[in-house]
Amino acid sequence: MKRYRIAVFPGDGIGPEVLREGKRVLKKISEAEGFEIEWVEYPFGTEHYLSTGETMPESVFGELREMDAIYLGAIGDPRVEVGLLERAIVGGIRFKLDLFINLRPVKLYAEHLSPLKGKGPRDIDFVVVRENTEDLYAGIGGFLKKGTPEEVAIQEMIFTRKGVERAVRYAYDLARSRRKHLTLVDKANAVVAMDIWTRTFQEVGEEYPDVEQDHAYVDAAVMWMVKNPEKYDVIVVSNMFGDILTDLGAALQGGMGIAASGNLHPGRVSMFEPIHGSAPKHAGKNTACPLGAISAAMLLLVHLGENKGACKIEKAMEGLLLRKEIPSLSTDSGLKTRETGDLLIRELSE
Ligand code: IPM
Ligand code: MN
């Protein structure tokens, strides 16, 4: 029987609660589809850091390279310096495993979840391809005269031809498999360096004459996402703008409760996570919506080539949302985290 080794990082806050349901769903799918999963759990996150002083040991990255996938809950806790563990664990996995695509599907399953008047599932169905290893996240920067009135703070926006091109190419390929429409989102009218995106997009685009090219500056792009989301099929965008754009995307899908992302290096081990954070104030209450983690599990299955299993999850979620058995994606939906997981399991058994 086929056997996958999956690294699991439950992490902080609501991470462990939502991942527990995602794992149950994956197990259920594995039984139906005839494969096995071996889970390899890692304790890294706030509790581990506070009791040991360790963020993420270097040796773990070597172990992760030997896995079939990585499944992560959420990292972040107000008891630890802002961003320390996010950079070491989430950033560490993205950068050290060179997961250069952050894939964020934005799909509305049921009209009543839409925050936009008159927009339904036919209007909100696009994918954001966020570059995932460069830009302001690359880590070049620092302080001069820190803590003084003359303080200078610098963080460099880095783009390389290699980094831009592989993101753009991935996006063209994805658009080709969908509605053949690709929008480049940037701010080249103000940020001169972003011209590298404009040129790369055009040059690579010559190899994809069947894909329609579109462009929007990021400020206009957010406006169009709200006014006319139906105009988008695939969006390709740099790391920082992509981070912002995809929280808006999550809101269009009905909320952070369902949004997921795949941190991908095609052909290599990749990492899957809900896009919501650790939400400390909801932790331990069993009220967080696990559909983000379950959607991440769906992306994980696609990456493993288990498309049938992924489709089953999507159908199950869609059915439960359309029939309002899962009435909303927020913590006050009236459903416990566990109960939403139970509904999915029941649906998958039918
Ligand atoms: C995300 C998150 C991360 C990011 C944080 C946790 C560093 O917001 O995955 O979108 O900024 O990329
Ligand atoms: Mn984000």
Side-chain angles (χ1 to χ4, degrees), residues 9-16 18-19 22 42 44-46 49 55-56 69-106 126-141 155-159 163 167 185 218 221-222 225 235-265 270-283 288 291-293 295-297 299-300 303 329:
F9 290 75
D12 298 333
I14 60 171
V18 295
L19 228 56
Y42 288 96
F44 307 110
T46 299
Y49 175 70
T55 58
M56 175 88 160
I70 304 163
Y71 193 31
L72 184 140
I75 302 292
D77 186 297
R79 288 172 295 169
V80 180
E81 179 196 320
V82 176
L84 179 81
L85 294 174
E86 291 89 326
R87 282 193 303 273
I89 302 172
V90 182
I93 293 173
R94 288 179 184 171
F95 282 81
K96 294 198 176 148
L97 300 181
D98 197 27
L99 307 181
F100 61 90
I101 297 296
N102 194 315
L103 190 73
R104 298 193 160 179
V106 177
F126 60 91
V127 182
V128 179
V129 175
R130 168 185 172 193
E131 196 288 321
N132 210 29
T133 55
E134 307 196 322
D135 199 352
L136 291 165
Y137 285 76
I140 297 191
Q155 188 94 15
E156 296 286 356
M157 202 175 222
I158 305 283
F159 304 117
V185 170
V218 65
V222 291
M225 265 174 73
I235 292 175
V236 63
V237 62
S238 54
N239 204 347
M240 184 76 257
F241 294 159
D243 176 50
I244 301 166
L245 218 56
T246 50
D247 268 28
L248 175 57
L252 299 185
Q253 285 176 272
M256 283 300 208
I258 195 169
S261 63
N263 298 261
L264 314 176
H265 187 124
S270 296
M271 187 262 273
F272 302 85
E273 55 178 341
I275 98 164
H276 61 67
S278 55
K281 71 173 186 223
H282 297 296
L291 293 187
S295 297
L299 295 174
L300 187 157
H303 191 75
L329 306 168

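Atoms within a ligand are numbered from 1 in the order they appear, just like the ligands themselves.
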Next on the checklist: Heavy-atom distances under 4.0 Å decide this one: backbone, side chain, both or neither, for Arg130 against ligand 1?
Outcome noted: side chain

Checklist entry - What's the verdict on side chain to side chain contact (heavy atoms under 4.5 Å, CB included) for Phe241 and Val237, showing C-alpha distance, side-chain angles and the deciding distance? => result CA-CA 7 Å; Phe241 294 159; Val237 62; 3.7 Å; yes

Next on the checklist: For Phe100 and His265, take the angle between the two ring planes, folded into 0 to 90°, and tell me which bin it lands in: parallel under 30, tilted 30 to 60, perpendicular over 60.
Outcome noted: perpendicular

Next on the checklist: Is the positively charged end of Arg104 above the ring of Phe272, judged by distance under 6.0 angstrom from the centroid and angle within 45° of the axis?
Outcome noted: no

Next on the checklist: Measuring only between side-chain heavy atoms, which start at C-beta, is Asn132 closer than 4.5 Å to Ile101?
Outcome noted: no

Checklist entry - Do any N/O atoms on Asn102 end up under 3.5 angstrom from N/O atoms on ligand 1? => result no

Checklist outcome for this item: Per side chain to side chain contact (heavy atoms under 4.5 Å, CB included), Arg94 is matched among Asp98, Val90, Leu97 by Val90

Checklist entry - Backbone N or O of Glu134 within a donor-acceptor pair of the Glu131 side chain at under 3.5 Å? => result yes

Item to check | Any N or O of Glu86 closer than 3.5 Å to N or O of ligand 1 | outcome: no

Item to check | Whether Asp243 lies under 4.0 Å from ligand 1, heavy atom | outcome: yes

Checklist entry - For atom 5 (C) of ligand 1, is some protein heavy-atom partner under 4.0 Å away? => result no

Checklist entry - Taking the non-hydrogen atoms of Arg94, is any one of them nearer than 4.0 angstrom to ligand 1? => result yes

Checklist entry - Which atoms of ligand 1 sit under 4.0 Å from any heavy atom of Tyr137? => result 4 (C), 11 (O), 12 (O)

Next on the checklist: Any side-chain to backbone donor/acceptor pair from Asp12 onto Ile75? Under 3.5 Å, distance only.
Outcome noted: no

Next on the checklist: Give the atom numbers and elements of ligand 1 that come within less than 4.0 Å of a heavy atom of Arg104.
Outcome noted: 1 (C), 9 (O), 10 (O)

Next on the checklist: Among the N/O/S atoms of Asp243, which is closest to the Mn ion (ligand 2)? Give the atom name.
Outcome noted: OD1

Next on the checklist: Heavy atoms only, cut-off 4.0 Å: how does Met240 contact ligand 1, side chain, backbone, both, or neither?
Outcome noted: neither

Checklist entry - Heavy-atom distance under 4.5 Å between the side chains of Tyr49 and Leu84, does that happen here? => result yes

Checklist entry - Does any N, O or S atom in Asp247 come within less than 2.8 Å of the Mn ion (ligand 2)? => result no

